[in-house]
Number of protein chains: 2
Amino acid sequence: MRTERGVGSGRSSNQTAILHGTEEIMREQGYAAVTYRSVAARAGVTPGLVQYYFPALENLFIAVLRAGTDRILERLARVSEADQPLRALWDYANSRDGTVMLMEFMALANHRKAVAPVIGEGGERIRQAQLKTLTAVWERYGVPEGDVAPAALLFLMSAIPRMIHLEETFGTVTGHVEAVALVERFLDRVEPRMTGETSQDKTISAHG
Amino acid sequence: MRTERGVGSGRSSNQTAILHGTEEIMREQGYAAVTYRSVAARAGVTPGLVQYYFPALENLFIAVLRAGTDRILERLARVSEADQPLRALWDYANSRDGTVMLMEFMALANHRKAVAPVIGEGGERIRQAQLKTLTAVWERYGVPEGDVAPAALLFLMSAIPRMIHLEETFGTVTGHVEAVALVERFLDRVEPRMTGETSQDKTISAHG
DNA sequence: GTCTATACGGCGATAGAC
DNA sequence: GTCTATCGCCGTATAGAC
């Protein structure tokens with residue numbers, strides 16, 4: 001898709017090794033451990049070559065971020081076909097891996113200004129995709145709660161697990177279980193746990 | 001309260017100038033702009049003196065964080081005496097300044113590990129103080145909603161504005177107005193806007 | 001105690017050699 | 001395309017003046 005240099009549409013094996021190594025370092029040691037020297041060592045190339053493909057570290061971070069966003073959008077396309085889309089969305093929002101990397105990029109954006117709009121852009125694409133799914137569900141279920149707009153529920157189902165995880169990192173826990181219980185009681189009401197009557201399985205089905 | 005050196009209970013004017021300057025720089029340019037050299041220039045002292053009081057940068061960040069937490073707790077003591085405590089809490093949670101600094105410290109904690117538990121500790125103290133207020137309000141209002149636990153509402157009233165502000169920084173906006181509307185509709189129901197009948201004024205009153 | 005001056009190794013970024 | 005040399009920051013450590 002995107003290249004940092006005009007080498008055609010593909011990426012060299014060195015480029016993919018650099019991107020992969022960078023993501024690994026971010027996940028294991030945080031973005032602050034990403035240096036030209038550390039990435040080069042991980043990818044088995046020289047620091048100068050990393051800098052050749054990504055002239056500033058921001059270019060490297062942004063490339064990793066974009067690749068991750070693309071992966072999430074692919075995953076969400078599968079979620080929209082799940083039997084219980086609300087619970088699938090809730091499971092997605094509660095997944096640890098995605099939240100860790102998102103927080104890492106949010107923290108990074110604080111002092112790498114060019115990263116911020118890339119996060120926002122990806123966030124909008126993700127949320128619009130989710131909203132489309134949720135609005136369809138709303139119609140299928142017949143607007144279970146006259147009060148809660150799909151967009152509000154979507155935001156809450158995203159924000160609550162994310163903020164809980166963020167706070168837990170620091171050791172703040174008050175109100176977490178109560179907030180989760182609130183959402184799950186809502187889910188139990190509008191999308192009761194499957195007992196096996198409606199459609200095929202708890203895996204992906206095709207009826208949207 | 002806390003000193004970094006054994007100079008008794010007070011702080012020298014240079015120490016307060018350093019703390020004040022550091023907070024200014026964080027607010028204006030972000031934590032990444034906080035260096036011994038930049039803080040010294042802002043406070044009108046030499047870099048060596050900053051390092052004398054705060055041997056590592058982490059000590060400096062933590063001192064600023066603790067001072068800020070103390071200020072918030074003082075403010076919350078006043079909130080608990082407000083006529084409309086729920087709305088006072090909501091206003092507090094929506095205040096820009098506090099959120100900016102909190103996010104700055106959260107980002108900072110990502111690569112200054114000693115900062116994280118200080119955030120968590122302060123967060124717990126703040127939330128427990130808020131929970132005490134909210135539980136009292138719950139009894140006074142007669143548990144308006146059998147479903148919503150005070151701790152859940154407290155978490156939501158804190159997490160929603162904070163996550164909204166965070167996302168807005170990046171340019172993600174979907175669902176924000178809907179989520180805010182949801183909370184405010186709830187507030188309208190359990191704590192209707194004062195029309196002037198109950199007590200003195202919309203300023204601080206004494207009846208708890 | 002309070003404060004200054006200086007040195008060291010590591011970093012991102014740049015220019016330019018091959 | 002690939003890689004090296006170099007520069008100006010940084011945090012930190014230390015030695016010592018008042």
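First the proteins, then the strands, lettered A, B, ... as listed; each starts at 1.
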How close or far is atom P of D/dC10 from atom OH of B/Y31, stated in whole angstroms? 16 Å
Considering only heavy side-chain atoms of B/R112, the closest of C/dT4, D/dC3, D/dT12 is D/dT12
What is the distance from CZ of A/F61 to C1' of C/dG12, rounded to the nearest Å? 11 Å
Taking only N and O in the side chain of B/Y52, is any of them less than 4.0 Å away from OP1 or OP2 of C/dT2? yes
Could you check how far CG of A/L57 sits from C1' of C/dA13, rounded to whole Å? 9 Å
B/R37 (side chain) and D/dG11 (base): donor-acceptor pair under 3.5 Å: yes
Have A/S38 and A/T35 got a donor and an acceptor in their side chains that come within less than 3.5 Å? yes
Salt bridge B/R71-B/E23, side-chain N to carboxylate O under 4.0 Å: yes
Sidechain N-carboxylate O distance under 4.0 Å for B/R193, B/E184: no
When all nucleic acid strands are considered with a 4.0 Å heavy-atom cut-off, which category describes A/Y36: base, sugar-phosphate, or nothing? sugar-phosphate
Find the distance A/Y53:OH to C/dA13:P and express it as a whole number of Å. 19 Å
Side-chain contact check for A/L49: nearest option of C/dC3, D/dT2, C/dG12 is D/dT2
How is A/V34 classified with respect to the nucleic acid when contacts are heavy atoms under 4.0 Å: base, sugar-phosphate, or nothing? sugar-phosphate
To the nearest Å, give me how far apart CD1 (B/I18) and P (C/dC3) are. 8 Å
Rounded to whole angstrom units, what separation is found between the CD atom of A/Q51 and the C1' atom of D/dA5? 12 Å
Any side-chain N or O of A/T46 less than 4.0 Å from the OP1 or OP2 oxygen of D/dC3? yes
Could you tell me whether B/R96 and B/E168 have a side-chain N and a carboxylate O separated by less than 4.0 Å? yes
Salt-bridge present (B/R140, B/E191; N to O < 4.0 Å): no
Under 4.0 Å between a side-chain N/O of B/N14 and OP1 or OP2 of C/dT2, yes or no? no
